[in-house]
Amino acid sequence: MLAVLAAGLLGPVLVPSVAGAYVDKTGVRAVTTQTAAVVPGQSAWLSVVWTGDQTVTNWSTTVSAPPGVTVTYPTTRGGSDTSLYGSDTLVGSTRDFTAFELRVPYTQAASFPVTLHSTYTSTCGDNGQCKEQGGGNDDKARDLSTTVVVTVPVVPAIGPEFTQASRDLSVPVGSNAFHQLAFTAGQADLADFTVRLGALPAGLTVGYPGDATVSRPAGGPALVGRTSDSLAVRLDATGLARGTYTVPLVITYTAAAPRTASGTVTLVVR
Amino acid sequence: MSGDRRRARAGAALALLALLGGTAACGTGAPAEAAPATSSAPSGTPADPATGRIAEVEFARQCTVASANFADEAGFTTDLDARLATAGFTHEQWKQWHDALDDSPALVAQFAAVSAAGCPPG
């Protein structure tokens with residue numbers, strides 16, 4: 001009884017009056033209901049298109065994704081939010097989009113929702129007319145927001161997990177230098193990507209950057225999906241005669257689970 | 001919006017006219033043909049065939065961008081620039097057109113007209 005009485009007394013104070021609440025008249029809304037599809041293990045830059053009836057400024061969007069899915073924002077915004085591609089203004093009756101990166105774990109095999117919370121400023125009057133368009137009826141700047149949920153489809157990956165772009169190396173006889181082996185990832189990211197040479201022909205010795213036991217991509221430990229990177233190997237051919245040799249490669253990486261693959265490179269000592 | 005920003009946009013709009021006019025002339029071998037503005041607004045960059053072509057490129061992009069999945073952030077700009085190049089425009093011209101939208105009801109009306117039919121199915 002006391003609680004009911006208290007609620008009755010506090011209610012009008014704590015709950016804004018519907019009659020007094022400002023209604024967003026900007027017409028800002030998402031055009032996109034479903035993003036492009038991703039595959040498990042993929043890092044993907046996706047977008048959601050927006051439109052509106054009135055011009056709004058100071059656009060900012062944050063994205064919430066399910067646990068395990070990592071959201072990254074454009075570097076130009078400092079990394080804590082995203083805005084629109086063209087600027088932070090969405091001009092009424094036009095379209096623009098927000099871009100963000102999702103890193104989808106290999107365990108994410110089903111489509112999932114992401115929630116986009118967008119904030120923006122309207123300088124249109126409370127009668128819905130805008131000063132910029134000659135009809136504004138007050139000088140207020142109103143900070144407004146909208147929240148939408150869009151679906152990110154997840155589809156199975158197709159194609160090889162990686163391809164070896166460099167299959168031949170040509171070195172001068174008596175040389176001892178680093179050479180690059182290029183690899184291209186398939187659709188998904190491959191973590192801890194390493195390459196080492198297997199059984200070597202007599203007279204050939206090999207080394208890796210930093211005196212490590214394997215070589216790693218120049219751009220970082222992962223071979224990022226749909227990108228190419230190179231791995232350096234030092235070939236000491238001072239004890240190797242002219243000729244053509246087939247050198248085995250041992251390639252390790254982590255996709256859904258740690259894996260080891262084999263390859264070969266044809267070494268021509270000229 | 002500050003006065004400085006408005007002045008900057010006005011300057012950009014003037015540059016847009018010069019750039020787009022030059023592009024049209026280069027592309028067709030003839031001076032850009034003046035087109036009637038699609039709005040009676042007294043100020044802002046007027047709409048013309050060149051701005052209409054940029055609006056078409058932009059709307060076509062907006063129709064498909066959400067179905068694109070890029071490996072890196074730059075993919076959005078690479079895609080836009082390829083579309084612009086096909087239509088005979090540069091990224092800078094697109095940027096000036098985009099910035100001019102805010103102060104040009106004529107350009108907005110032209111974009112709305114271009115997009116009125118909606119995106120093609122699929």
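Residue numbering restarts at 1 for every chain, and letters A, B, ... go by the order of the sequence lines. The structure presented is a predicted model; accordingly, all values stated were derived computationally and were not measured.
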Problem set entry | Least distance between heavy atoms, A/Ser47 atom then B/Ala66 atom | OG-CA, 3.4 Å
For this session: Hey, can you tell me if B/Phe76 and A/Phe97 have their rings parallel, tilted or perpendicular (30° and 60° cut-offs)?
Result: tilted
For this session: Please name the pair of heavy atoms, one in B/Ala71 and one in A/Gly225, separated by the smallest distance, quoted to 0.1 Å.
Result: CB-O, 3.9 Å
Exercise. If every non-hydrogen atom of B/Phe111 is compared with every non-hydrogen atom of A/Arg95, which pair is closest and at what distance?
Worked result: CE2-N, 3.8 Å
Exercise. Highest number of heavy-atom pairs under 4.5 Å with chain B: which of A/Thr94, A/Thr32, A/Val48?
Worked result: A/Thr94
Problem set entry | Contact summary for B/Lys95 and A/Gly86, nearest pair of heavy atoms | NZ-O, 2.7 Å
Exercise. Using a cut-off of under 4.5 Å for heavy-atom pairs, which of A/Ser43, A/Pro153, A/Pro74 has the most such pairs with chain B?
Worked result: A/Pro74
For this session: Decide yes or no on side-chain contact (heavy atoms from CB on, under 4.5 Å) for B/Asn69 and A/Arg226, but give the supporting numbers first.
Result: CA-CA 11 Å; B/Asn69 168 341; A/Arg226 297 171 292 170; 2.8 Å; yes
For this session: Flag the one option from A/Thr227, A/Val150, A/Asp96 with the top tally of heavy-atom pairs under 4.5 Å to chain B.
Result: A/Asp96
For this session: Mind listing the closest non-hydrogen atom pair of B/Val108 and A/Val91 along with its distance?
Result: CG2-CG1, 3.5 Å
Problem set entry | Region of A/Tyr85 that comes under 4.5 Å of a non-hydrogen atom in chain B | side chain
For this session: Could you tell me which portion of A/Gln42 (side chain, backbone, both or neither) has an atom closer than 4.5 angstrom to a non-hydrogen atom of chain B?
Result: side chain
Exercise. A/Ala37 versus chain B, heavy atoms under 4.5 Å apart: side chain, backbone, both or neither?
Worked result: backbone
Seminar exercise, completed: Cut-off 4.5 Å, heavy atoms of chain A, and the answer for B/Ala68 is backbone
Exercise. Chain B heavy atoms under 4.5 Å from A/Thr51: which part of the residue, side chain, backbone, both or neither?
Worked result: neither
